[in-house]
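Encoded as structure tokens, the structure appears first; notes follow it.
Remember, it's 1-based here, ligands and their atoms both numbered in the order they're listed. Start at 1 with the first residue, then count along the sequence.
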Amino acid sequence: TTIMAVEFDGGVVLGADSRTSTGDYVANRASRKVSKVHDRIFVCRCGSAADTQALTGFVLNYLGQHAVEIGKLPTVNTAANLFKIMAYNNKDNLMAGLIVAGWDEKEGGQVYSIPLGGARIRVPWACDGSGSGYIKGFIDANYRPGMTQAECLEFVQKAISFAMSRDGSSGGVIRTVVVTKDKVDESMIVGNKLPYG
Ligand SMILES: C#CCCCC(=O)N[C@@H](Cc1ccccc1)C(=O)N[C@@H](CC(C)C)B(O)O
């Protein structure tokens with residue numbers, strides 16, 4: 001897997017490849033690794049498909065209840081904290097790398113990284129998964145603070161495309177989600193049709 005998310009002024013871009021593998025066999029070439037946990041909050045998943053699906057289900061249901069109780073949109077911080085609590089408290093029994101990202105009235109666009117051990121850290125961008133190692137240099141060379149929504153989308157698609165070319169556990173299509181106050185835009189592009197390597 002290759003997953004990534006970037007914050008911009010007013011929202012976030014989340015992205016992922018679509019390969020689920022079991023050794024050398026591709027169990028699913030069209031997986032959905034960017035999952036919705038609330039209207040404007042999403043999570044990128046890597047590691048065990050089962051573990052990350054279970055964690056996502058818990059947070060989806062908890063946030064649904066929480067939203068009713070508080071009568072407004074939950075914050076991205078709350079969603080990230082819920083994932084962290086479960087990932088950290090069960091760290092010996094899980095293999096789950098998560099990137100929680102979205103928009104809320106309080107802080108606008110936010111990205112939180114929750115790597116394997118269950119730590120939680122707010123970052124301007126994050127990447128994770130087996131393919132992420134191949135693109136850290138590309139990201140360091142190309143990331144700039146203050147990029148526009150369109151620049152962030154192209155940046156994420158290009159980075160994931162390069163990882164898909166090099167990492168055998170990444171492939172399929174590039175799925176992205178752009179989240180702002182006013183909209184959630186999902187996209188899908190075929191990974192090997194880009195002119196990037
Ligand atoms: C089908 C089936 C059985 C396992 C599927 C399964 O979890 N594959 C894992 C790799 C893995 C992990 C831990 C144990 C075994 C196999 C996988 O493809 N993870 C991708 C992300 C998830 C969310 C789809 B990515 O990190 O590569």
Side-chain angles (χ1 to χ4, degrees), residues 1-6 12-38 41-63 76 79-80 82-102 111-121 123 125-136 138-139 156-177 179 184 186-192 194 196-197:
T1 289
T2 307
I3 53 171
M4 188 170 169
V6 181
V12 293
V13 177
L14 303 91
D17 75 295
S18 68
R19 179 166 292 182
T20 299
S21 47
T22 50
D24 291 336
Y25 179 69
V26 176
N28 187 353
R29 62 181 169 88
S31 319
R32 293 176 182 278
K33 304 177 185 182
V34 183
S35 303
K36 182 176 177 179
V37 290
H38 206 74
I41 308 176
F42 289 74
V43 60
C44 297
R45 303 183 288 114
C46 75
S48 161
D51 290 356
T52 56
Q53 284 174 15
L55 291 174
T56 301
F58 284 126
V59 173
L60 174 68
N61 291 309
Y62 194 102
L63 282 180
V76 187
L82 288 168
F83 273 113
K84 178 266 286 181
I85 288 167
M86 283 188 300
Y88 182 83
N89 292 342
N90 298 284
K91 67 165 66 191
D92 295 340
N93 302 305
L94 293 170
M95 186 192 289
L98 305 160
I99 302 174
V100 182
V111 176
Y112 295 89
S113 175
I114 304 174
L116 239 42
R120 180 186 85 113
I121 175 171
V123 288
W125 61 267
C127 63
D128 202 353
S130 55
S132 63
Y134 296 98
I135 54 173
K136 304 261 183 179
F138 173 83
I139 293 171
V156 168
Q157 289 173 331
K158 208 164 174 177
I160 293 173
S161 175
F162 281 122
M164 287 161 74
S165 303
R166 290 290 179 187
D167 179 30
S169 301
S170 299
V173 297
I174 304 170
R175 296 194 193 277
T176 61
V177 180
V179 183
V184 173
E186 299 189 17
S187 82
M188 184 272 281
I189 49 178
V190 179
N192 64 4
L194 293 180
Y196 310 137

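For the residue pair Ser18 / Ser31, no side-chain donor-acceptor distance below 3.5 Å is found, with atom types taken as modelled.
The option from Ser170, Ser21, Ser18 that lies nearest to atom 16 (C) of ligand 1, judged by heavy atoms, is Ser21.
Among protein heavy atoms, the minimum distance from atom 7 (O) of ligand 1 is reached at Ala49 N, 2.9 Å. The closest protein non-hydrogen atom to atom 9 (C) of ligand 1 is Gly47 O, 3.4 Å. With hydrogens left out, the protein atom closest to atom 21 (C) of ligand 1 is Thr1 OG1, 2.8 Å, a heavy atom.
Between Thr52 and Met95, the shortest heavy-atom contact is CG2-O, 4.4 Å. Contact record, Gly118 with Lys84: O-CG, 3.2 Å, taken as the closest heavy-atom pair. Between Ala101 and Val76 the shortest heavy-atom distance is C-CG1, 4.1 Å.
Each of Thr1, Thr2, Asp167, Asp17 was checked for a side-chain hydrogen bond (donor to acceptor under 3.5 Å, both in side chains) with Ser130, and the lone residue meeting it is Asp167.
Note: no N/O pair closer than 3.5 Å links Lys33 and ligand 1 by distance alone. Residue Ala50 has no nitrogen or oxygen atom sitting less than 3.5 Å from a nitrogen or oxygen atom of ligand 1, judged on distance alone.
Each of the following atoms of ligand 1 lies closer than 4.0 Å to a heavy atom of Cys46: 21 (C), 26 (O). Within ligand 1, counting atoms from 1 as listed, the ones closer than 4.0 Å to a heavy atom of Thr52 are 23 (C).
The distance from the OG atom of Ser113 to the CH2 atom of Trp125 is 9.5 Å, given to the nearest 0.5 Å.
Among residues two or more places apart in sequence or in another chain, the side chain to side chain contact (heavy atoms under 4.5 Å, CB included) test is passed with Thr176 by Leu153, Val156, Gln157, Ile174, Ser187. Applying the side-chain hydrogen bond (donor to acceptor under 3.5 Å, both in side chains) test to Ser35 and every residue at least two apart in sequence or in another chain returns Arg45.
Neither the backbone nor the side chain of Gln53 has a heavy atom within less than 4.0 Å of ligand 1. Proximity of Thr20 to ligand 1, defined as any heavy-atom pair under 4.0 Å, is shared by backbone and side chain alike. Residue contacts with ligand 1 for Thr22 involve side-chain atoms from C-beta outward but no N, CA, C or O (heavy atoms, distance under 4.0 Å).
For atom 14 (C) of ligand 1, no protein heavy-atom neighbour is present inside the 4.0 Å cut-off.
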